[in-house]
Number of protein chains: 2
Amino acid sequence: MNTKDIAVICKALGDNSRLRIIQMLFDGEKCGCKLLEDFDITQPTLSHHMKILCECGLVIDRKEGKWHHYSVNENTWNEFCYHVSSLGKVE
Amino acid sequence: MNTKDIAVICKALGDNSRLRIIQMLFDGEKCGCKLLEDFDITQPTLSHHMKILCECGLVIDRKEGKWHHYSVNENTWNEFCYHVSSLGKVE
DNA sequence: AAAACGTATTGACAAGTGTCTATGTATGTG
DNA sequence: CACATACATAGACACTTGTCAATACGTTTT
C-alpha cells in the first residue's frame, strides 16, 4: 500500500455518508436494503457509494441470491490504519 | 472530534499533493517556499492546499516575518488516528 | 409466466475541486 | 523610496462528485 492507495482510501472516507456506512459495517455485515433504511438517499446513490467503497478495497460484497451483503475488509482496514499512523512516526 | 470532523480530515488527506505535504511536514517544520520546491504546482495552488490543511486543523501556520512555517498539529493528528482506528474496535 | 424484490446502470444536473494566470498584500532590503 | 521576496486572493476553467429519476438486470415468489 503506497501513498496513492492511502489517498484513494482517504478520499473514499472523506464523505459523510460513506464514513457512516463504514461505521455501520463495523457493527456487522449488512445488505444494501438494510443500509438504505438509515440514510436519506436513494438506492442508486447508495449503490454508487458502495461501488466506491468496494473499489478502494475497504468493503467486501458477498452476493447471496438477490442480496448483496457488505462488510468491512479487515485486511485493507488494518493496513490502512497502520500506514496512516506510521506517517506520524519518525523513522 | 465527531464523524463529520473525521470526514473533513479524510477529505483533506484524500489528495495526493496534500498527503505528500503532510508526510514532508512530519519530517519537520517547513516554510511554503521550501515545500514548493518539491512539487510541480504553482504557488497559489500550494497556498490553496495549505489553507485546506490548516482549516481542518491538521497543520499549524507559524508566521515569522514574511515566512510561514508549517507543521503538523500533533494533537489533531493523534486524535484523528485514535478515532480512525477506534472505528474498527468493537465497543 | 408474471409480478415483486434487491441492486446496478444510465443520463442529467448543480455543486465542488484542483489548477492556472493575474494581481494584491505584507515584510524585508537596497 | 523602490524593489524583491513570501504568500494570499480573485477570477476563470476543465474536471470530478453527489445526487436524482428512469430504466435495466438478476433472483425469488406467486
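These numbers were taken from a predicted model, which means no experiment stands behind them. Numbered from 1 within each chain, the chains take letters A, B, ... in sequence-line order.
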B:W67 side chain, from C-beta outward: closest of C:dG6, C:dT27, D:dA6 = D:dA6

By side chain to side chain donor-acceptor pair (under 3.5 Å), A:S17 pairs with (sequence neighbours left out) none

A:L19 and B:I6: side-chain contact (heavy atoms from CB on, under 4.5 Å), yes or no, with the steps?
-> CA-CA 8 Å; A:L19 190 53; B:I6 307 269; 3.7 Å; yes

Here the distance between atom P of C:dG6 and atom CG of A:L46, to the nearest Å, is 13 Å

To the nearest Å, how far apart are B:K66 NZ and D:dA6 P?
-> 5 Å

Which residue lies toward the 5' end of DNA chain D, A:G65 or B:M50, if each is placed at its nearest nucleotide?
-> B:M50

What is the nucleic acid contact for A:H49, judged by heavy atoms within less than 4.0 Å: base, sugar-phosphate only, or nothing?
-> sugar-phosphate

Nucleic acid contacts of residues 7-22 of chain A, taken as heavy-atom distances under 4.0 Å to DNA chain C = none

DNA chain D contacts among residues 51-61 of chain A, heavy-atom distance under 4.0 Å | A:I52

Residues two or more places apart in sequence or in another chain: which of them pass salt bridge (Lys or Arg N to Asp or Glu O under 4.0 Å) with A:K34?
-> A:E37

Are B:H68 and D:dA8 close enough that a side-chain N or O sits under 4.0 Å from OP1 or OP2?
-> yes

Should A:I52 and A:W77 be regarded as members of a common hydrophobic cluster, given that ILVMFWY residues are connected when their side-chain heavy atoms come within less than 4.5 Å of each other, either directly or indirectly?
-> no

Do you reckon A:I60 sits in the same ILVMFWY cluster as A:F26, going by side-chain contacts under 4.5 Å, direct or chained?
-> no

Qualifying residues under salt bridge (Lys or Arg N to Asp or Glu O under 4.0 Å), relative to B:E79, sequence neighbours excluded | none

Would you indicate, yes or no, if C:dT19 has its OP1 or OP2 atom less than 4.0 angstrom from a side-chain nitrogen or oxygen of B:T45?
-> no

Would you say B:N2 has more than 12 foreign heavy atoms packed within less than 6.0 Å of its CG?
-> yes

Which nucleotide in D:dT9, C:dG6, D:dA6 has an atom nearest any side-chain atom of B:S47 = D:dT9

B:Y70 vs B:E29, side-chain contact (heavy atoms from CB on, under 4.5 Å): CA-CA, chis, key distance, verdict | CA-CA 6 Å; B:Y70 299 107; B:E29 189 185 59; 5.9 Å; no

A:V8 with B:F80, same ILVMFWY side-chain cluster at under 4.5 Å | no

So, A:R20 side chain and A:D38 main chain: donor-acceptor pair closer than 3.5 Å or not?
-> yes

Any residue of residues 32-44 of chain B with a heavy atom less than 4.0 Å from an atom of DNA chain C | B:D40, B:I41, B:T42, B:P44

Quickly work out the A:H48 NE2 to C:dT10 C1' distance and round it to whole Å.
-> 13 Å

Whole-Å distance separating the NZ atom of A:K30 from the C1' atom of C:dT7 = 18 Å

Given side-chain contact (heavy atoms from CB on, under 4.5 Å), test B:H69 with B:E64 step by step and report yes or no.
-> CA-CA 7 Å; B:H69 298 282; B:E64 191 183 48; 3.0 Å; yes

